[in-house]
Every structure is written in C-alpha cells, then in structure tokens.
Amino acid sequence: MNNKQAEILEFDKNHVWHPYTSMSKPLPSYLVKSAQGVYIYLASGEKVIDGMSSWWSVLHGYNHPELNQALIKQSEKFSHVMFGGLTHEPAVELAKNLIAMTPGGLNKVFLSDSGSVSVEVALKMAIQYWHSKDKPEKHKILTVKNGYHGDTFAAMSVCDPVNGMHQLFETVLMKNLFAPAPKIGFEQVWQADDALALAAMFEQHHHEIAAFIIEPIVQGAGGMRIYHPNYLKTCRALCDQYHVLMIADEIATGLGRTGKLFACEWADISPDIICLGKTLTGGYMTLAATLCTDEIANSISNGEAGCFMHGPTFMGNPLACAVANASLNILKRNEWQQQVANIEAIFKQQLLPLKTHPRVHNVRVLGAIGVVEATENVDMAEIQKRFVELGVWIRPFGKLIYVMPPFVIDIEQLTLLLKAISTVLNEDSCFIQQ
Ligand SMILES: *Cc1c(COP(=O)(O)O)cnc(C)c1O
C-alpha cells in the first residue's frame with residue numbers, strides 16, 4: 001500500500017462513521033480500488049470474491065456494461081429533476097416494469113431513496129388508509145420477532161425488540177405489537193400451531209391494528225431465519241379475516257434471491273403493500289419502491305388530506321430509475337432462475353454437510369442464500385482478516401456466517417467462497433470462546 005492509500009485509511013479511521021462500528025475503537029476498513037464481476041479489488045493488492053453482494057444488492061456483478069451504459073446515457077440527458085409537477089420516462093418505465101413483475105394487484109408505485117424510507121412510506125400509507133376510512137383507532141403495527149425493516153424510527157419500531165435495541169430508544173419509538181417469530185423451517189413438516197400465537201394477537205388487537213408487516217420466507221438481518229411458506233399463507237388469511245393490511249418487506253428477498261422472483265410466490269400470496277429496495281438497481285445506487293393496491297391509493301386520495309403525505313426531494317431519481325430498468329431487463333431474460341438454482345445446488349452439496357461440524361449449530365439454504373450458524377460468536381477483526389487472506393469477502397454477524405453471492409458467480413468461484421467458510425470453522429482464533 002502506498003502513502004496516499006495509507007493516508008486515506010487513517011482519515012477514514014479518525015473521521016468517517018461506518019455502519020454499526022465504533023468510532024473510538026474501530027475495526028479495520030479495507031480500501032477498495034475497483035470491482036469487476038464477482039471480484040472486489042483491494043488497494044492492498046488482494047482480490048476477493050464478494051459473498052455478500054454488497055449487502056444483498058448486487059445481482060449481475062460489478063461494472064456491468066449494460067448497467068454502466070444505462071447510467072451514462074441517462075446522465076447525458078439529465079441526472080435529476082424534481083418529481084413534483086414533472087415526470088420522465090425512466091420513472092414511468094420503472095413503474096410499468098414493477099407493476100408487471102410484482103404479485104397481482106399492486107398497481108400504484110411510490111418511489112423513494114432507501115429501503116428504510118420505503119418501509120416508512122408503507123407504514124404511513126397503512127395508517128393514512130385507515131384514517132381515510134374513518135377508523136383512526138387502527139394505527140398500530142403488528143409484526144413478528146426477529147424481523148428487520150430498517151434503521152429509521154418507524155422502521156426501527158417494527159424491528160426485533162432485542163436485536164433492534166428498543167430499550168435505547170424506548171421513549172420515542174412507536175409502541176407496536178410483536179408475535180413470536182415463526183419456528184417451523186422452510187423444509188420442515190408444517191404444523192399449524194406455529195401461527196397460533198400470531199392468530200391470538202390478531203383476534204385480540206385487530207381493532208387497533210393498521211397493518212401487519214413481515215419479511216416473506218427469509219428473516220434477514222434479524223437472524224437469517226428461513227420459515228415455512230404455510231406460515232406466510234396463514235398471515236395473509238389472518239390479515240383478510242381481521243381487516244388488517246399486509247405489508248411484505250421484500251427489500252432483501254425481492255428480484256430472485258430466494259429462487260422465486262418474489263418470496264411471496266412461495267406461498268402464492270399477494271400483499272396489499274410491498275417494499276422493494278436493495279436489489280432494485282442491481283446494486284448500483286440507492287433506490288426503493290413501495291407499491292400498493294388501487295383500493296389503498298384511492299382511499300388515501302379520497303380522504304381528508306386528499307393526497308398521500310410524503311415526497312422525498314430525490315423521488316424518482318432518473319439515474320437510479322434508468323439503471324434499475326437496465327437491471328430488470330437483464331432479469332427478464334430469465335437467466336437468473338438457472339443461476340440461482342445452480343447456486344442453491346452447490347450450497348446444498350457443500351454447505352449442508354457442515355451441519356455435523358462441532359462448531360456448527362445449524363445450516364440453512366434457500367435459493368442463493370446460504371447460512372451457517374456457528375455455536376460461538378465470531379471475532380470480527382480476525383475472521384474478516386482470514387477471509388481476505390483466503391480470497392473472499394464475507395462479513396458475518398454474531399454467530400451467523402452467511403453468503404448471498406451475485407447471481408453470476410461460477411462454480412469455481414463459489415467453491416472457493418464456501419471452502420473459506422469450512423476453513424475458518426477450524427480456526428479457534430476466528431471465534432470468541434465462551
Ligand atoms: C436492508 C433492509 C431494509 C432497510 O433498507 P436500507 O436501504 O438499508 O434502508 C429494510 N428491510 C429489509 C428486509 C432489509 O433487508
């Protein structure tokens with residue numbers, strides 16, 4: 001590493017916040033020089049295979065010619081204009097694409113900047129909907145434990161109360177309702193009593209509940225848990241029975257990751273509101289969308305306010321919409337299905353056998369998501385260093401070592417990625433011994 005690079009890292013360490021990282025005792029950051037395909041090239045000389053898809057967002061790999069081209073072409077026309085009173089083709093095209101691709105009935109599209117904001121928008125829509133129906137007492141949100149829906153205040157109020165550190169923000173968070181998390185795994189035998197406690201909460205509280213929010217099939221940052229499709233089916237039925245809007249947070253699962261275009265398809269259901277983010281631009285830039293039914297949009301619009309009370313400055317950013325359309329066009333060629341199926345087959349072949357490893361509590365696989373739950377917490381600094389030495393980029397949290405690589409990863413690269421996991425499992429220094 002040269003002097004300039006060392007200086008960048010030193011300034012970063014002293015002045016730049018990183019996600020969920022101490023400013024006074026920071027873990028090391030690795031300086032990135034470039035990225036191509038599934039590889040991230042570090043300034044220190046290593047190239048690492050990205051097992052994280054930059055937090056679930058990269059689908060077709062880095063530095064993709066079609067995505068680059070979409071961005072360049074749009075920037076030569078205009079990079080941004082306000083969305084109040086103005087509109088443009090990239091946003092309209094994106095709305096068309098999303099209405100066609102998402103589960104049925106979601107015909108109205110609200111574009112925003114990030115996943116958390118799309119959740120804020122969804123919750124606000126639900127509350128404003130019941131207000132417009134003269135039922136303002138329906139203003140609470142029901143969810144399940146172990147969920148993750150973002151870091152802004154309303155989103156935090158539906159994250160797992162323990163992982164989400166609710167105590168810290170208790171005085172300001174909305175008081176919402178939490179049912180136990182689903183327990184029956186995706187491939188286990190379904191037992192209807194898994195949803196009994198949830199059903200009881202619907203029965204007891206439906207008068208005050210505006211919406212039920214859940215991550216379909218895969219609970220991501222709240223524990224990497226993969227649950228049974230019948231649970232999700234039951235959620236839909238309960239929402240119908242008790243007149244509660246269903247919000248599906250597909251920010252992590254949407255656009256192919258689980259082996260279906262949307263995880264809701266595993267249960268053959270359609271939510272009333274869906275949140276999309278992370279994967280929307282194929283990992284290029286921040287963009288999110290909240291889609292809802294005609295009924296919700298029309299009720300809100302015919303209500304007291306006469307419109308939905310939200311409008312981000314960078315709503316419908318043309319650069320982000322253009323690159324999202326290019327990414328969706330690649331998905332429409334349907335190569336993702338075979339790519340995800342191939343990744344899943346290799347996960348099953350190479351990850352599932354780790355179940356018998358003494359340091360492994362459980363292994364879970366669905367689509368292009370592979371999770372190894374260790375028996376001990378990882379030592380972040382050490383395991384990260386070892387992964388880089390082994391030529392991979394994997395960033396575990398707690399006991400969870402998980403991967404969801406870009407769909408374009410090949411067998412050889414995938415084998416190297418998974419080999420790195422089995423290697424570190426044998427290294428005491430990568431774990432915090434109890
Ligand atoms: C990441 C994530 C969010 C938040 O998205 P941001 O873009 O980080 O604000 C919300 N819900 C789920 C399921 C996520 O995985």
Side-chain angles (χ1 to χ4, degrees), residues 17-21 52-59 102 110-126 141 143-161 163-165 173-174 176 178 181-182 211-227 232 235 246-258 260 262-264 266 271 273-291 310 312 314-315 317 320 323-324 327 364 366-369 371 395-398 400 402-404:
W17 288 103
H18 283 263
Y20 291 97
T21 302
M52 309 305 292
S53 290
S54 283
W55 274 337
W56 306 81
S57 63
V58 175
L59 301 176
T102 50
F110 192 100
L111 299 170
S112 63
D113 327 71
S114 77
S116 300
V117 175
S118 80
V119 169
E120 300 282 326
V121 164
L123 299 177
K124 234 164 140 174
M125 274 181 183
I141 311 297
T143 188
V144 293
K145 289 183 181 164
N146 281 101
Y148 178 76
H149 299 285
D151 288 347
T152 52
F153 276 90
M156 255 199 304
S157 78
V158 285
C159 288
D160 187 90
N163 301 337
M165 289 187 286
L173 281 191
M174 289 161 70
N176 288 319
F178 292 86
F212 170 72
I213 184 167
I214 193 164
E215 295 153 275
I217 306 296
V218 182
Q219 294 188 288
M224 300 301 299
R225 304 167 87 253
I226 306 175
Y227 62 86
L232 192 60
C235 295
M246 181 174 190
I247 304 172
D249 179 349
E250 292 244 21
I251 290 167
T253 51
L255 302 177
R257 181 59 62 184
T258 68
K260 301 275 189 193
F262 293 94
C264 280
W266 287 108
I273 301 177
I274 199 169
C275 299
L276 306 175
K278 288 192 167 87
T279 53
L280 201 48
T281 62
Y284 262 53
M285 54 211 295
T286 183
L287 179 70
T290 310
L291 279 79
H310 208 93
F314 281 96
M315 187 169 184
N317 176 256
V323 77
S327 176
R364 303 185 278 274
L366 180 69
I369 306 166
V371 185
R395 192 168 173 86
F397 65 90
L400 298 166
Y402 63 103
V403 283
M404 55 265 176

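In each ligand, atom 1 is the first atom listed, and ligand 1 is the first ligand listed.
- Contacts classified as side chain to side chain donor-acceptor pair (under 3.5 Å) and involving residues 111-122 (residues at least two apart or in different chains) are given here: E120-T152.
- Among all heavy-atom pairs drawn from C159 and Y148, the shortest one is SG-CD1, 3.8 Å.
- Between the side chain of S54 and the main chain of V58, no donor-acceptor pair closer than 3.5 Å is present.
- For a heavy-atom separation below 4.0 Å, the residues in contact with ligand 1 are S114, G115, S116, Y148, H149, G150, E215, D249, I251, A252, K278.
- When the side chain to side chain donor-acceptor pair (under 3.5 Å) test is applied to T21, no partner is found at least two apart in sequence or on another chain.
- With sequence neighbours left out, the ring-ring contact (aromatic ring centres under 6.0 Å, His included) criterion links H310 to F110.
- With hydrogens and angles ignored, the 3.5 Å screen pairs no side-chain donor or acceptor of R225 with any backbone N or O of N146.
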